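The next block holds one structure in the form of structure tokens; read it before the comments.
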Amino acid sequence: MDRVVDENRLAEYCEPVKRIWEKVVKRAIVLVVFCAGMCLPIQQASAAIKFKRFAHCAEGVVTVHTCECHKEGSTHFHYCHKGYYCHTSDGTCRP
């Protein structure tokens, strides 16, 4: 008889704890999904700012705001601003 009473008390105690735990787990999952949804676009945007690329400059005076003055046949370059002269022979930009 005592055992049956103990099992009933245990069931009465465990049922609310189980419901509370289910709510906590559901909220945690929603929070994780929300944070991942917010953080991924921010990470991609910061990567775009960190590694911003511009159009390539042609040999001569630069007419656009900013471009990349590339050395011929190489990935080596310097940023070149409007009014400067891009030398594609060595990838430098000078006034």
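All values below were derived from every heavy atom in this structure, side-chain atoms included, with hydrogens, water molecules and symmetry-related copies excluded. Here, residue 1 is the first one in the sequence, and each next residue gets the next number. Just so we're clear, the structure is a prediction, and the values are computed from it rather than from any experiment.
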Original post:
Which heavy-atom pair separates C57 from C69 by the least distance, and what is that distance?
Top reply: SG-N, 3.9 Å
Original post:
More than 12 non-hydrogen atoms from neighbouring residues, nucleotides or ligands closer than 6.0 Å to CZ on F77, yes or no?
Top reply: yes
**OP:** Supply the atom-to-atom distance T66 OG1 to Y84 OH, rounded to the nearest 0.5 angstrom.
**Re:** 11.0 Å
Original post:
Taking only residues two or more places apart in sequence, or in another chain, which ones meet V25 in a side-chain contact (heavy atoms from CB on, under 4.5 Å)?
Top reply: W21, I29
**OP:** Quick one: pull up NE2 in H56 and NE2 in H70 and give me the separation to the nearest 0.5 Å.
**Re:** 3.0 Å
Subject >> Residue pair Y85 / G60: nearest heavy atoms and the distance that separates them >> reply: CE1-CA, 3.4 Å
Side chains of residues 86-95: which donor-acceptor partners sit under 3.5 Å, not counting sequence neighbours?
from	atom 1	to	atom 2	distance (Å)
T88	OG1	E59	OE1	2.4
D90	OD1	T92	N	3.3
D90	OD1	T92	OG1	2.9
D90	OD2	T92	OG1	3.3
D90	OD2	R94	NH2	3.4
T92	OG1	R94	NE	3.3
T92	OG1	R94	NH2	2.9

Subject >> Donor-acceptor pair, side chain of E68 and main chain of Y79, under 3.5 angstrom >> reply: no
